[in-house]
Protein chains: 2
Amino acid sequence: MKYEYTIGQVAKSAGCKVQTIRYYEQIGLLPNPIRSEGNQRLYSNRDVHRLSFIRHARDLGFPLQAVRDLISISDSPDHACEAADEIAETQLKDVRARIQRLQALEKELSRMLDHCHGGKASDCLVLETLSDHSLCVTEDHKNPA
Amino acid sequence: MKYEYTIGQVAKSAGCKVQTIRYYEQIGLLPNPIRSEGNQRLYSNRDVHRLSFIRHARDLGFPLQAVRDLISISDSPDHACEAADEIAETQLKDVRARIQRLQALEKELSRMLDHCHGGKASDCLVLETLSDHSLCVTEDHKNPA
DNA sequence: CCTTGAACCTACAGCTACTGTAGATACTAC
DNA sequence: GTAGTATCTACAGTAGCTGTAGGTTCAAGG
């Protein structure tokens, strides 16, 4: 196995910061890489691949713990697909819940702004609405998301 | 002005934790309340009102700095409504961007899962997709949100 | 009056997922 | 040889709380 990439090159190809890679190493998400004579980290293609797996999962909004689980699944020889499935499904539910919540927020915010644009500065509906929760149309945003 | 509410009562009515209130006080979002003889915090209706303003803004996703700005606007005598408007509008844009991003994630996640359900455990598309960014249909999720 | 238990107090550590900084060393190009 | 960039370690800081430890205060019951 060739170890040919510096941390900077790897960071660039993964679209993340150098510190992020060191952070992943520190928390055990990436293995300790070998070092050059001058004590600089050297990465193989395999390492690069793992990092891109992590970044992709993170881009998809998976929390680090889920990424950890996904890695251990994909590392295990029998690839327990159902477990990976379940993690992805949990994540999907979470994403959908967040979308719902954000849409409720959007509704309330734009309602607030619509009214305010029409009114005078003296009776700013933005501030009034914020002051008085009872003016809310939607109460959905109180739900966890 | 009557100071009649304990921190616990205020927390309950605002739907937040006691610690959160102390935290808001610490960072200067809530004024230092008066204290009872036994050194316990006592709040007025005005304090309760301000906390509910803060919580409502937070429920709407405003970051604390925006909340700070909104408070100072609503505290100022001439109520610069346009400034409040602008903050709300920024927030609305942000919410919409987040919705877009999350919808892209949703699409990719469900695509991933759809394929996986159909396939065999041996070629888990969840793990494969995560491994290979090039399998992505949407690349939108790379945009900041 | 005394005790019990809940609510309160301060001060600080911990959470997620990084990001930034300081000061030192290594590598690359001219 | 030297300049400039990349890397190294170690640690502090970010947002927005939340939890914990170890101690006080308060309200109710016996």
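Naming: A, B, ... by sequence-line order, numbering from 1 per chain. All of these numbers come straight from a predicted model, not from anything done at the bench.
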Asker: With a 4.5 Å limit on heavy-atom distance, are the side chains of A:R41 and A:V10 in contact?
Answerer: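 They are not in side-chain contact.
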
Asker: Kindly state which residues belonging to residues 11-20 of chain A come within less than 4.0 angstrom of DNA chain D, counting heavy atoms of the residue only, listed by number.
Answerer: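 Per residue number, the list is empty: none.
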
Asker: Which value, rounded to the nearest 0.5 Å, describes the distance between A:I73 atom CD1 and A:E82 atom CD?
Answerer: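 These two atoms lie 10.5 Å from each other.
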
Asker: What residues in residues 31-45 of chain B put a non-hydrogen atom under 4.0 Å from any atom of DNA chain D?
Answerer: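 Hits under 4.0 Å, by residue number: B:S36, B:G38, B:Q40.
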
Asker: Kindly write out the residues that satisfy side chain to side chain contact (heavy atoms under 4.5 Å, CB included) with A:Y23, not counting sequence neighbours, or none if the list is empty.
Answerer: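 So A:Y23 forms a side chain to side chain contact (heavy atoms under 4.5 Å, CB included) with A:I27, A:L64.
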
Asker: Provide the start and end nucleotides, 5' to 3', of the part of DNA chain D that has atoms under 4.0 Å from heavy atoms of chain B.
Answerer: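 In short, chain B contacts DNA chain D from D:dG16 to D:dC26.
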
Asker: Base, sugar-phosphate alone, or nothing: which one does A:I27 contact when heavy atoms must sit under 4.0 Å apart?
Answerer: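 Here A:I27 touches no strand at all.
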
Asker: Students often get this wrong, so: under 4.0 angstrom with heavy atoms, is B:R22 touching a base, only sugar-phosphate, or nothing?
Answerer: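 Counting heavy atoms under 4.0 Å across all strands, the contact made by B:R22 includes a base.
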
Asker: Any chance CD of A:E86 has more than 12 other-residue heavy atoms, nucleotides or ligands included, within less than 6.0 Å?
Answerer: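 At most 12 heavy atoms, drawn from other residues, nucleotides or ligands, come within 6.0 Å of this atom.
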
Asker: Run B:R98 and A:E106 through side chain to side chain contact (heavy atoms under 4.5 Å, CB included) and show every step you take.
Answerer: CA-CA 10 Å; B:R98 276 196 265 170; A:E106 188 199 357; over 6 Å; no

Asker: Does any part of the side chain of A:R50, heavy atoms only, come nearer than 4.5 Å to the side chain of A:S74, both counted from C-beta?
Answerer: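 Result no, sub-4.5 Å side-chain heavy-atom pair not found.
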
Asker: For B:Q26 and for B:T6, locate the closest nucleotide of DNA chain C by heavy-atom distance; then report the residue assigned to the nucleotide nearer the 5' terminus.
Answerer: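 Taking each residue's closest nucleotide, the earlier one in sequence belongs to B:T6.
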
Asker: Tell me what A:F62 touches on the nucleic acid: a base, only sugar-phosphate, or nothing, going by heavy atoms under 4.0 Å.
Answerer: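 Contact class for A:F62: none.
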
Asker: According to side chain to side chain contact (heavy atoms under 4.5 Å, CB included), who are the partners of A:A88, at least two apart in sequence or on a separate chain?
Answerer: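 Side chain to side chain contact (heavy atoms under 4.5 Å, CB included) check on A:A88 returns A:F62, B:M112, B:L113, B:V126.
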
Asker: Apply salt bridge (charged side-chain N to carboxylate O under 4.0 Å, His left out) to A:R58 and list each qualifying residue two or more places apart in sequence or on a separate chain.
Answerer: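 For A:R58 there are no salt bridge (charged side-chain N to carboxylate O under 4.0 Å, His left out) partners, ignoring immediate neighbours.
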
Asker: Could you name each residue pair satisfying salt bridge (Lys or Arg N to Asp or Glu O under 4.0 Å) that touches residues 5-23 of chain A, not counting sequence neighbours?
Answerer: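 Listed by first then second residue: nothing to list.
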
Asker: So where does chain A start and stop touching DNA chain C, 5' to 3', when the test is distance under 4.0 Å to a non-hydrogen atom?
Answerer: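 Listing 5' to 3', DNA chain C meets chain A from C:dA17 to C:dC27.
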
Asker: What pairs with A:Q91 under side chain to side chain donor-acceptor pair (under 3.5 Å), at least two apart in sequence or on another chain?
Answerer: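 A:Q91 satisfies side chain to side chain donor-acceptor pair (under 3.5 Å) with no residue once adjacent residues are dropped.
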
Asker: Mind checking what makes side chain to side chain donor-acceptor pair (under 3.5 Å) contact with A:S44, not counting sequence neighbours?
Answerer: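 If we apply the side chain to side chain donor-acceptor pair (under 3.5 Å) test to A:S44, skipping adjacent residues, the hits are A:D47.
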
Asker: Under the side chain to side chain contact (heavy atoms under 4.5 Å, CB included) rule, collect the residues that match up with B:E4, sequence neighbours excluded.
Answerer: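 B:E4: side chain to side chain contact (heavy atoms under 4.5 Å, CB included) contacts with B:K2, B:N45.
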
Asker: Side-chain donor-acceptor pairs under 3.5 Å in residues 30-38 of chain B, sequence neighbours left out?
Answerer:
residue	atom	partner	partner atom	Å
B:R35	NH1	B:N39	O	3.0
B:S36	OG	B:G38	N	3.3
B:S36	OG	B:Q40	N	3.1

